[in-house]
Amino acid sequence: MIDMNYEKNIAMIAGYYGEEHQLIQTAEECAELAQAAIKMCNALTAEDHPEAKRDARAALIGEIADVLVMCEQIAYLEDCADDVRRVMDEKMQRQIGRINNRQMERIR
């Protein structure tokens, strides 16, 4: 369950550390997420080691959460959350269009 003070907490943390610090922290968290994604990918093929997949998944979840929290802070600091959501929607719609086009090409 999401804390009802989520937005207040984002604002407090972002305001305390400031934009420059949080931009650097975001870059660091993104690098950690990249590493966790690679480990998860490797764990997917380790069928004889279910604990590796469990551990990789837990790490991946933690890093996704870290990156999302940092992104929320940057969007708050830049006052651009609505713009980010709009661009995200545009990018998803464009990707769905690509997927649909590829599926149509396979049918032909």
Side-chain angles (χ1 to χ4, degrees):
M1 184 161 126
I2 301 276
D3 185 342
M4 296 304 290
N5 293 314
Y6 180 83
E7 290 180 12
K8 236 192 249 185
N9 293 340
I10 291 292
M12 183 180 138
I13 296 166
Y16 178 82
Y17 288 106
E19 187 173 12
E20 184 176 352
H21 180 273
Q22 294 310 74
L23 285 166
I24 292 167
Q25 188 65 35
T26 299
E28 291 175 7
E29 295 297 347
C30 286
E32 291 174 12
L33 175 57
Q35 289 178 331
I38 291 167
K39 287 182 181 178
M40 184 66 196
C41 192
N42 291 336
L44 291 175
T45 60
E47 293 177 13
D48 54 335
H49 298 288
E51 67 280 352
K53 184 176 179 184
R54 181 195 66 231
D55 294 347
R57 184 175 186 276
L60 182 67
I61 290 168
E63 296 305 335
I64 290 170
D66 289 344
V67 168
L68 290 174
V69 167
M70 296 309 302
C71 288
E72 290 275 359
Q73 290 179 59
I74 299 305
Y76 166 79
L77 289 165
E78 290 292 330
D79 191 25
C80 64
D82 291 340
D83 293 327
V84 169
R85 286 185 193 96
R86 179 184 48 76
V87 172
M88 286 173 62
D89 185 58
E90 290 169 2
K91 288 178 176 279
M92 286 189 288
Q93 293 304 317
R94 194 167 43 247
Q95 189 63 35
I96 288 169
R98 288 183 194 120
I99 291 168
N100 288 337
N101 288 340
R102 287 181 187 145
Q103 289 175 338
M104 291 303 291
E105 288 173 9
R106 288 182 186 149
I107 293 173
R108 291 182 211 167

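Quick note: numbers below take in every heavy atom, side chains included, and nothing from hydrogens, waters or symmetry partners. Just so you know, these numbers come straight off a predicted model, no measurement behind them.
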Let me confirm one number: the [atom1]-[atom2] distance from [X] to [Y], rounded to the nearest 0.5 Å.
| X | Y | atom1 | atom2 | result |
| --- | --- | --- | --- | --- |
| Q73 | L23 | CD | CG | 10.5 Å |
| D66 | Q25 | CG | CD | 8.5 Å |
| M40 | I61 | CE | CD1 | 8.5 Å |
| M70 | I13 | CE | CD1 | 9.0 Å |
| T45 | K53 | OG1 | NZ | 10.5 Å |
| E63 | L60 | CD | CG | 8.5 Å |

Same cluster or not: are [X] and [Y] linked, directly or through other Ile, Leu, Val, Met, Phe, Trp or Tyr residues, by side-chain heavy atoms under 4.5 angstrom apart?
| X | Y | answer |
| --- | --- | --- |
| V67 | I10 | no |
| Y6 | L68 | no |
| I74 | L33 | no |

So does [X] have more than 12 non-hydrogen atoms from other groups sitting under 6.0 Å from [atom1]?
| X | atom1 | result |
| --- | --- | --- |
| E7 | CD | no |
| R106 | CZ | no |
| N100 | CG | yes |

Quiz item: If you take all heavy atoms of A56 and A43, which pair is closest and at what distance?
Solution: CB-CB, 3.8 Å
Quiz item: Just checking, is any N or O donor in the side chain of R98 or Q95 under 3.5 Å from an acceptor N or O on the other one?
Solution: yes
Quiz prompt | Check: R54 and R57 side chains under 4.5 Å, non-hydrogen atoms | solution = no
Quiz item: Got V69 and E72 here, is their nearest side-chain heavy-atom distance under 4.5 Å?
Solution: no
Quiz prompt | N-O pairing of E90 and R86 below 4.0 Å | solution = yes
